[in-house]
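Heads up: the structure comes next, in structure tokens.
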Amino acid sequence: MHGRNRDEYGESFRCLHCRLDVSMSAPGTAHRNHCPNCLSSKHVDRSCPGDRASTCHARMEPIAIAVRGDGEWVIIHRCVGCGGLGSNRAAGDDNALALTRLAVTVIRHLGSPLRIPLAAPLE
């Protein structure tokens with residue numbers, strides 16, 4: 001996460017948000033760059049997962065969950081530095097409670113499509 005490849009910088013990184021030391025190896029993804037604890041990431045990729053070509057390097061906050069057609073969960077991140085958006089496959093060791101909270105938060109902020117104004121009371 002801190003460089004172009006694992007060989008240059010080791011097998012782990014420190015989360016910019018919760019400061020957890022995170023292994024680069026993760027079940028379900030070949031290019032881990034998010035924390036399994038708080039789901040925060042670092043803006044390291046520019047065009048495709050694993051390219052490590054971004055020059056921004058600011059923290060990316062998790063803002064949403066998307067679900068692919070095959071049921072795979074994807075974490076959507078927004079960069080706090082440049083505002084760019086990115087996505088990361090959820091990994092098998094990601095905090096299930098953090099993933100669920102993120103999904104519920106997104107649904108809660110969508111508003112309720114069932115909100116119907118009540119008619120004036122009959123007199």
Side-chain angles (χ1 to χ4, degrees):
M1 180 147 141
H2 295 294
R4 292 199 164 270
N5 63 51
R6 289 183 192 184
D7 296 333
E8 288 180 48
Y9 294 96
E11 295 291 322
S12 66
F13 62 89
R14 178 157 290 167
C15 176
L16 295 174
H17 184 254
C18 72
R19 309 298 294 161
L20 180 72
D21 287 322
V22 178
S23 170
M24 295 284 282
S25 299
T29 184
H31 307 288
R32 165 169 270 164
N33 68 344
H34 72 274
C35 175
N37 181 52
C38 69
L39 309 179
S40 291
S41 185
K42 182 176 183 180
H43 197 172
V44 294
D45 295 335
R46 182 178 9 175
S47 302
C48 63
D51 72 7
R52 305 304 196 243
S54 173
T55 57
C56 181
H57 297 280
R59 186 175 65 85
M60 295 187 79
E61 61 184 355
I63 61 168
I65 294 289
V67 182
R68 292 184 174 157
D70 62 358
E72 179 180 49
W73 282 32
V74 178
I75 305 165
I76 309 300
H77 290 95
R78 179 178 50 228
C79 180
V80 299
C82 69
L85 295 175
S87 62
N88 253 286
R89 296 169 72 180
D93 62 348
D94 284 347
N95 181 329
L97 182 57
L99 287 168
T100 304
R101 282 182 176 159
L102 183 57
V104 169
T105 299
V106 170
I107 292 169
R108 187 182 66 204
H109 284 90
L110 288 176
S112 173
L114 301 176
R115 222 179 267 166
I116 302 169
L118 298 174
L122 297 174
E123 293 184 30

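Just so it is clear, the structure is predicted and the values come from calculations on it, not from any experiment. Here, residue 1 is the first one in the sequence, and each next residue gets the next number.
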Exercise. Checking side chain to side chain contact (heavy atoms under 4.5 Å, CB included) for the pair Asn37/Val22: CA distance, chi angles, key distance, verdict?
Worked result: CA-CA 9 Å; Asn37 181 52; Val22 178; over 6 Å; no
Exercise. Same hydrophobic cluster for Trp73 and Leu102, using side-chain heavy-atom links shorter than 4.5 Å among ILVMFWY?
Worked result: yes
Problem set entry | Asp94-His34 side chain donor-acceptor pair, cut-off 3.5 Å | yes
Exercise. Counting heavy atoms not belonging to Arg59, are there more than 12 under 6.0 Å from its CZ?
Worked result: yes
Exercise. Is there a side-chain contact between Ser87 and Ile76 (heavy atoms, below 4.5 Å)?
Worked result: yes
Exercise. Going only through I, L, V, M, F, W and Y residues with side-chain contacts under 4.5 Å, is there a path from Met60 to Val74?
Worked result: no
Problem set entry | Pro62 side chain near Ser40 side chain, heavy-atom distance below 4.5 Å | yes
Exercise. To the nearest 0.5 Å, how far apart are CZ in Arg14 and CG in Asp21?
Worked result: 4.0 Å
Problem set entry | Value rounded to 0.5 Å, distance of NE2 in His17 from OG in Ser41 | 12.5 Å
Problem set entry | Nearest non-hydrogen partners of Cys18 and Cys15, listed with the distance | N-SG, 3.3 Å
Exercise. Do side-chain atoms of His77 reach the backbone of Leu39 as a donor and acceptor pair under 3.5 angstrom?
Worked result: yes
Exercise. Going hydrophobic residue to hydrophobic residue with side-chain gaps under 4.5 angstrom, can you get from Leu99 over to Val67?
Worked result: yes
Exercise. How close do His43 and Cys82 get, heavy atom to heavy atom, and via which atoms?
Worked result: CE1-SG, 3.3 Å
